[in-house]
Chemist: 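Once you've had a glance at the structure underneath, I'll fire off some questions.
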Amino acid sequence: MNTRKEQIDAQMQECIEKGFTATDPAGTVSFDQEDLAAYQVLFDTLKEEPTTGPSYGFSRAVIAKIQTRKDYAFMFKWNIILPLALLLSLGIIYLAAVYLNNGMANSMIRLIAGFKWQLVFAMTCFFMIQYLDQLLIKRRTIV
Amino acid sequence: MFNEREVIPRILKGDLHAFELLVKQYQQLVFYVIDKLVRNQTDKEDISQEVFIKVYSNLRHFAYKSKLSTWIASIAYRTALNHIRDHKQGSGVQVDVIMESFHFTEETPARLSEKKDLAAYINRLIAELPVAYRSVLTLYHLNEFSYQEIEQITGMPEGTVKNYLFRARKLLKDKLKPYITDEYTKRAD
């Protein structure tokens, strides 16, 4: 605030903030009355609340979004855990078959191994769908 | 009476009803901040919802070092700024603007007719201000935060807050004064 004019403006702003009105003669007589009136209108308007506000069901909409996110996070977790548990089980069965030299288990594993690339493809698709679903749902609930 | 020290622990335990109370308590605060900073009317409610989702996700980090309202307002402010940056809303993108070089857009007949409604006219002028000036005006006058709280919310030093507030008000007053002068002349006649 370098100039004298700016100093006067600063004093006027302070004066209005302290509750003097544009028509109050006490202590405000040295100010330009039109400046003071303009400031008064401005300060009054700045305090006015916007005519629009959040919608009636705003808080419920927020809670619904949070609940949706929680549900999806829960489902996502289980959709990952269950296939991983299946894979782990297959691995354990295979190791058990190797360890026990069980012919029947070995032939089952060989059968599964014959479809290994189809299985890898199916698993990859499954995890990709899970990931994309989570990604898109998350975005939809925010935007 | 809303007691944040009683409600926050309930929310942290997963009580969504308690969080709904918090939303109801602060929804106007958030909406006022978003309303003045974001120009696109349709985005305002979505951004306000996003603010509360962030509040919910980060509430465990709230350490009672400031008032809850200040903390929520800072999330609202940063969310609005991110939205403005992502959508590049004109002069609003620049947070630091040299005020001397700022000019309102030229008057148009439509805008002149708005002067009949002074409040609408002033709000239109405020909407044209750079985002930093709109922010301090809103936080100080509408949300009634102190200079120190605005510093916490926006990250601007207190001196800058005072300076922006002074310059924004002066600029608006200068724009408003010819209209007030007309009114004085009419009354004198």
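By convention in this document, chain letters (A, B, ...) are assigned in the order of the sequence lines, proteins followed by strands, and residues within each chain are numbered from 1. Values below: every heavy atom of this structure, side chains too, minus hydrogens, waters and symmetry copies.
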Chemist: Only pairs of heavy atoms separated by less than 4.5 Å count here; which of F19(B), F52(B), Y32(B) has the most with chain A?
Modeler: Y32(B)
Chemist: Do M123(A) and L88(A) share a hydrophobic cluster (ILVMFWY, side-chain heavy atoms under 4.5 Å, transitive)?
Modeler: no
Chemist: Rounded to the nearest 0.5 Å, how far apart are CZ of F43(A) and CG of L172(B)?
Modeler: 10.0 Å
Chemist: Would you mind reporting whether D32(A) and K177(B) have side-chain heavy atoms less than 4.5 Å apart?
Modeler: yes
Chemist: Consider only side-chain heavy atoms of I, L, V, M, F, W and Y, link residues closer than 4.5 Å, and tell whether V55(B) and F2(B) are in one cluster.
Modeler: yes
Chemist: Supply the atom-to-atom distance E20(B) CD to F58(A) CZ, rounded to the nearest 0.5 angstrom.
Modeler: 11.5 Å
Chemist: Say you draw a straight line from CG of L42(A) to NZ of K170(B); how long is it, rounded to the nearest 0.5 Å?
Modeler: 12.5 Å
Chemist: What is the distance from atom CG of D174(B) to atom CG of D35(A), rounded to the nearest 0.5 Å?
Modeler: 7.0 Å
Chemist: Checking side chain to side chain contact (heavy atoms under 4.5 Å, CB included) for the pair T138(B)/L46(A): CA distance, chi angles, key distance, verdict?
Modeler: CA-CA 7 Å; T138(B) 305; L46(A) 286 169; over 6 Å; no
Chemist: Report, by ascending residue number, the residues of residues 5-17 of chain B in heavy-atom contact with chain A at a distance under 4.5 Å; give 'none' if the set is empty.
Modeler: G14(B), L16(B)
Chemist: Side chain to side chain contact (heavy atoms under 4.5 Å, CB included) for R167(B) and E6(A)? Distances and angles first, verdict last.
Modeler: CA-CA 9 Å; R167(B) 295 199 175 280; E6(A) 284 192 337; 3.0 Å; yes
Chemist: Any side-chain heavy atom of E48(A) sitting closer than 4.5 Å to one from N123(B)?
Modeler: no
Chemist: For the residue pair L142(B) and P50(A), what are the closest heavy atoms and their distance?
Modeler: CD2-CD, 3.8 Å
Chemist: Are L82(A) and F127(A) co-members of a hydrophobic cluster defined by side-chain heavy atoms under 4.5 Å apart?
Modeler: no
Chemist: Taking CZ in F126(A) as the centre, count heavy atoms belonging to other residues, nucleotides or ligands within less than 6.0 Å. Is the count above 12?
Modeler: yes
Chemist: Can you give me the closest heavy-atom contact between P54(A) and F31(B), atom names plus distance?
Modeler: CD-CG, 3.7 Å
Chemist: Please walk me through it: do V41(A) and K173(B) pass side chain to side chain contact (heavy atoms under 4.5 Å, CB included)?
Modeler: CA-CA 9 Å; V41(A) 170; K173(B) 183 269 295 179; over 6 Å; no
Chemist: Looking only at side chains, do S59(A) and Q27(B) share a donor and an acceptor under 3.5 Å apart?
Modeler: no
Chemist: What part of I66(A) gets closer than 4.5 Å to chain B, counting heavy atoms only: side chain, backbone, both or neither?
Modeler: side chain
Chemist: So which bits of residues 56-75 of chain B come within less than 4.5 Å of chain A, counting non-hydrogen atoms only?
Modeler: Y56(B)
Chemist: For residues Y121(B) and T45(A), determine if any side-chain heavy atom of one lies less than 4.5 Å from a side-chain heavy atom of the other.
Modeler: no
Chemist: Got a donor-acceptor contact below 3.5 angstrom from the Q13(A) side chain to the F166(B) backbone?
Modeler: yes
Chemist: Decide side chain to side chain contact (heavy atoms under 4.5 Å, CB included) for E17(A) and R169(B); before the verdict, give the C-alpha distance in whole Å, the side-chain angles of both, and the deciding distance to 0.1 Å.
Modeler: CA-CA 12 Å; E17(A) 273 203 281; R169(B) 293 192 295 211; 3.7 Å; yes
Chemist: In terms of hydrophobic clustering (I, L, V, M, F, W, Y; side-chain heavy atoms under 4.5 Å; direct or indirect links), are L86(A) and F115(A) co-clustered?
Modeler: no
Chemist: Of the backbone (N, CA, C, O) and the side chain (C-beta and beyond), which part of E49(A) lies under 4.5 Å from a heavy atom of chain B, both, or neither?
Modeler: both
Chemist: Mark yes when over 12 heavy atoms from residues, nucleotides or ligands other than F121(A) sit less than 6.0 Å from its CZ; otherwise mark no.
Modeler: no
